[in-house]
Structure formats: C-alpha cells, structure tokens
Amino acid sequence: MGLIKYISGIFKGVWSLLQGMAVTSSYFVRPWTIVTQQYPENRKGNKRGRSKKKLEMFERFRGELVMPHSENNEHKCSACGICEMNCPNGTIEVISKMEVNEEGKKKRALDKYVYHLGMCTFCGLCVKACPSGAICFSQNFEHAVFNRAKLNKILNNEGSKLLKGVE
Amino acid sequence: MITEENINVGIKEEEFILNMGPQHPSTHGVLRLVCSIKGEIVKNIEPHCGYIHRGIEKMTEKLTYPQIVHLTDRLDYLSALINNEAYCLCVEKALEIEVSDRIKYIRTIMSELTRIASHQLWWCSFGMDLGGLTCFFYGLRDREKILDIFEETCGSRLIISYNTPGGLMADIHPNFQKKVKEFIKYFRKTLPEYDQLLTGNVIMQERCKGVGYISKEDAISYGVTGPSGRGSCFSCDVRKKEPYSAYKFVNFNEVLRCEGDTFARYMVRMDEMRESMNIIEQLIDNIPEGPYAEKMKGVIKLPEGEYYQRVEAARGEFGVYIVSKGEKNPYRVKFRSPNFSNLSALNTMAKNQKIADLIAIGGSLDYVIPDIDR
Ligand code: SF4
Ligand code: SF4
C-alpha cells in the first residue's frame, strides 16, 4: 500500500506542477495580455515597440503643488496663510508684503510663495483649505534633481499680481 | 579566564544564535528576528522591533485632527484607506456626527478594494518567499488595476489620505463604478489562476500543511486577529461583530478555518478576496445620492473624553484610541496595530520547526513592519 501511495504521490505532484506551468505558458502565447509599459520611452508616446500608449497621469493625481497664473501673470493668492496653517509639516511658507493699492489703502499681498517639495507628503489639505482656489496639483511626478536646494520652489511668478476681484 | 562553563553564558548548550534581518527579503521590511537554532531546528525567536520607529503617536499630539489622517496612512501602508477610515470614524464618534449613506458606501467599497489589493500583494510575496517568482508578477499585475482605480478617484496610489473627519476628500470619479465592475469581472476570472498556480502546487502544500500550528486558545491569548486568527478558528471579524460603515447593509460570510497551520491562513486570505468581491458587488450599483462630505467646523475640537474605534484592517483588528482634553490637538492617540500582536505569536508558531519553515510562517502572518513600529 505504501508503495502505491508513494508512486501516486509522485504523479500527483508532477501533475500539480504541470497545472501551474499551463498557466504560465498560456501567457507565453497570449502577447496581448502583456501589461509592461516602456518607461521612459512612452512619455511622448512614440510609435516603436509596445509603448504606443502615451503615459498620462489621471487628472486628480497629486504630483506637485503649483499656482496657476493667468495670461496677464495674475494669480489668485491673497496671502491669507490658511494653507500654511493647514499643512501638517511646514512645507509651505507664505511670505507677504504690504502694498498700497489704487485707492490708497494698505493691503497685504503675496511676496513669495515658498514650497519645499522635499517635505511635502501630498496629503492635499492645502488645496482643500484654500478659500480662493489659488493652488492645485499638477501631474508632474518626475521629481528627481541633482541638488537638494532645487526642491525648494517659489510658486508665484516674478512680478505676478493678484487677480482682480479676488479677496 | 574562558572556561567550558562561561564561554556560553546565557546560551543553551549547542544552541546557535542566528540573526534574521534587519535586511532580509523575507521579513518584508526592517525586522530583526534573533533565532536560537539547534541544528536546523528553531528553538526560540526573539523579534527586535524599532528599526523604523518614527514616533507617529507622539507626532499626532502636535497636529490638528484633520492633519493626523495623513499619518495613519503611514502605519500599515497596505491598508491605508482602512486606517484612514478607522481614525475618521473615531473622530466622528466623538463629535457624534452621523455621516450620509453615500459616504458609508464609498468608504466600505474603498476598504474592500484595499483589502483585495493588500491580499494580492501578500499572495505575491508569499509565493516569492516560497520560491515561486511568477506569483510576484501576476499579483502585482492585478493589484495595479486597483491602484489605478484609487489614483483616478483619490489622486494617489499607496499613501492615499482619502477620508477626512466628516467625509471624503472628493467625490468618486464618474468612471469609478464602471472601472470597479470591470475589475471584479476580470479578477473573478484571474483568481482561479492563482489557485491553479500556487494553491494546488505540491511544493507549496508540502511546505505549508501542518507547519506553524497555533491553537485557538493561543491565538486568543496572543491577540492574533485577522486572517491569521481566523485560520485558527478564532472568529474575530470586526465587520461582523461590530458592523461599522456600510457592513450592516451587506451579506457576507466570515471566513473561518480550523486547521491553525500556515495553509489554513493561506486559504482564509484567498477566500477573503472572494468575500470582498461579493461585498463590493452588493454595494457598487446602489451608492445612494448625498453629500460626499458633511459640513464640519473650521477648527475641529473633540469634547473632553476618551474614544475608541476598531475596524477590520487587512491584517487584523486595527484600533484607534483618542484621549481629548477639549483642545484642537489630541492629548494622546494610541493605535492598536494588528501586526504587533500577530508578531508576538511567531515564537509559538515557529518553535521546534525547521528554519526554512520560519520563512513560510512569517509569510503567512503577513507582517508590515511600519505598523509594528509606528
Ligand atoms: S499636500 Fe499636504 S504636506 Fe504638501 S503642502 Fe499641501 S498640506 Fe502640506
Ligand atoms: S494659496 Fe490660498 S490659502 Fe494659501 S495663502 Fe494663498 S489664498 Fe491663502
């Protein structure tokens, strides 16, 4: 009895291995199931090879904080500092200055919006908290730089102004 | 003077100390297991934790309540959304807020997707620990589909921070329901392949059956929860015992196995993926209308007191305990992490087993080190 059990055990074992191989070899003959993407070739969506699909991130993807500017170099940030307060790890520094507007009143305006990309945990609280929708996330995910100082970014453009009508 | 007697102080005769980790592929992170072995037999295991201790519980004391959510992701990063949910439920419990049904449904679907993704990754790494490298590719291939769903709706793949106290960060993406249904259809076809590839495999069965036994009594006294506990007949599913979110609206079975060995823990996880798909299928078409976030005060302050909420994370019972003094920061936050308790049972499971079986046992416990150390 023992011998029969032993031999049938061997055959069952080999059969189970063949079962597994049936799965793997079925993928050999089904090239359309390949999911590998050829990064970085697919960044521009070139036509060669299997990387025809252009690499695109989803629109909600939280890649990097940016401050959109209009064509007249105007942003919507009123330098209220709410985003700075909501950030859990001090990634944002809002540096404001006092400006005199046309009516001769003194008003706080944005001087520099400093964003330390290296400290950001991409939690999204700043964007959610901003009352005027001045900041948003871009889809850029390639953050590698040669120098750590390059991760400290200033988000508002040189000489940019507050968009009219934003308080 | 070194003599026969004092050369081995503290070490039993003929026992050899072997360090497994902190940099060992099968410990899935920086965990150090100090094993006393006699020949090839493991006599004692002492886990040394703390290599990735970040002081998260202390950090929470300086943060406001909405800010803490992003730290809960960083405990058990494979069940990030479930941890988020646990924390948010605890805050909502303290504030006595009842969130809308829509939020509950979405949270439950997201939790179950997280559970499937986590079990898929466990399956890959378990197969790889036992030497089946193919599993690793197949599991990751399918997990990618779930991560894409997360990315489209939540904006992030691993460290998600999608829940906030009082709701969600954003409403679901218009494609969400379609994609989830596609995924379920696809994964129902692919899961039998997993079984064919690994579950029936003779090498895997020989290495798992009867290895790493833990009795129900031991599992309860060590607090082994989740799939590892349910592999020992310990019925501990929080989703059944204390339904939270939308679990009271769905029908599902608690997967239980009574063998208590590595193979039982394996099978519990495989069956749990099927149960999770059942849960998602019941919910996905009936997401009710409603707000995706309740109106909250600008500054959240919990009333003075102590609050506890537990949920079923992918690896076991995850608990959040908040002590509030009425400030905008908590006074103390304690996370009850499932992996820490599960790890404590490792010694009982692996005693008098072969050192190679320790890999299989560790794989079946599915530990995530940042959750152990916090
Ligand atoms: S995403 Fe989070 S960590 Fe990053 S800047 Fe915004 S609030 Fe700070
Ligand atoms: S980005 Fe928004 S929240 Fe931050 S300072 Fe500007 S207006 Fe205020």
Side-chain angles (χ1 to χ4, degrees), chain A residues 8-28 30 33-37 39 53 55-65 80 82-92 119-131 136-139 141, chain B residues 59-60 62-64 66-74 84 127 132-135 137-138 140-142 144-145 147-162 164 168-173 175 190 192-206 293 298-299:
Chain A
S8 74
I10 291 178
F11 277 106
K12 270 196 203 127
V14 171
W15 176 245
S16 81
L17 294 182
L18 288 176
Q19 288 275 311
M21 278 199 227
V23 175
T24 45
S25 50
S26 81
Y27 279 105
F28 258 123
R30 286 188 288 163
T33 55
I34 292 177
V35 291
T36 317
Q37 293 185 19
Y39 181 80
K53 216 176 113 213
L55 176 70
E56 263 175 21
M57 309 308 282
F58 293 107
E59 101 208 63
R60 286 188 190 175
F61 177 70
R62 298 197 291 260
E64 175 189 355
L65 197 66
C80 63
I82 290 177
C83 51
E84 187 177 346
M85 250 161 45
N86 269 280
C87 180
N89 40 25
T91 309
I92 300 172
M119 279 155 76
C120 184
T121 52
F122 307 103
C123 61
L125 289 176
C126 48
V127 175
K128 190 164 167 258
C130 177
C136 65
F137 280 106
S138 77
Q139 278 72 41
F141 62 94
Chain B
M59 273 156 85
T60 55
K62 282 273 175 292
L63 298 178
T64 61
Q67 287 175 345
I68 294 170
V69 175
H70 90 288
L71 288 178
T72 59
D73 286 334
R74 285 156 176 80
N84 284 174
L133 200 64
T134 319
C135 309
F137 298 117
Y138 288 3
L140 284 186
R141 175 197 64 191
D142 300 338
E144 184 69 20
K145 296 202 183 328
L147 296 191
D148 272 348
I149 295 173
F150 285 161
E151 196 179 335
E152 194 167 33
T153 288
C154 322
S156 204
R157 298 160 65 83
L158 186 70
I159 313 288
I160 300 176
S161 303
Y162 182 54
T164 54
L168 308 165
M169 287 291 262
D171 206 353
I172 50 173
H173 196 273
N175 288 343
T190 325
E193 263 179 22
Y194 285 26
D195 281 333
Q196 200 182 341
L197 188 67
L198 191 64
T199 314
N201 187 296
V202 61
I203 302 169
M204 183 271 182
Q205 296 219 348
E206 292 290 314
V299 179

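Of the possible polar contacts, none joining the A/Glu64 side chain to the A/Phe137 backbone as a donor-acceptor pair under 3.5 Å is found.
A 4.5 Å side-chain heavy-atom check between A/Val23 and B/Tyr194 finds every atom pair outside the cut-off. With a 4.5 Å cut-off on side-chain heavy atoms, A/Leu125 and B/Gln67 count as touching. Residues B/Met169 and B/Ser156 are not in side-chain contact: their nearest non-hydrogen atoms beyond the backbone lie 4.5 Å or more apart.
Residue contact with chain B, scored on non-hydrogen atoms closer than 4.5 Å, involves the side chain of A/Val35 exclusively. Interface remark: A/Ala129 contributes no atoms to any contact with chain B (heavy atom separation under 4.5 Å). Proximity to chain B (any heavy atom under 4.5 Å) is shown, for A/Phe61, by both the backbone and the side chain. For A/Gln139, no part lies near chain B; criterion is any non-hydrogen pair under 4.5 Å.
Interface remark: of the candidates A/Cys87, A/Gly63, A/Ser26, A/Ala22, A/Cys87 forms the most heavy-atom pairs closer than 4.5 Å to chain B. Between chain A and the residues B/Asp148, B/Leu71, B/Ile68, the most heavy-atom pairs under 4.5 angstrom are made by B/Asp148. Taking chain A as the reference chain and counting heavy-atom pairs below 4.5 Å, the highest number among B/Ile203, B/Leu197, B/Thr134 is found for B/Leu197.
Residues satisfying the side-chain contact (heavy atoms from CB on, under 4.5 Å) test with B/Arg74, not counting sequence neighbours, are A/Thr121, B/Arg54, B/Ile56, B/His70, B/Ile159. Residues forming a salt bridge (Lys or Arg N to Asp or Glu O under 4.0 Å) with B/Glu151 (at least two apart in sequence, or on another chain): B/Arg157.
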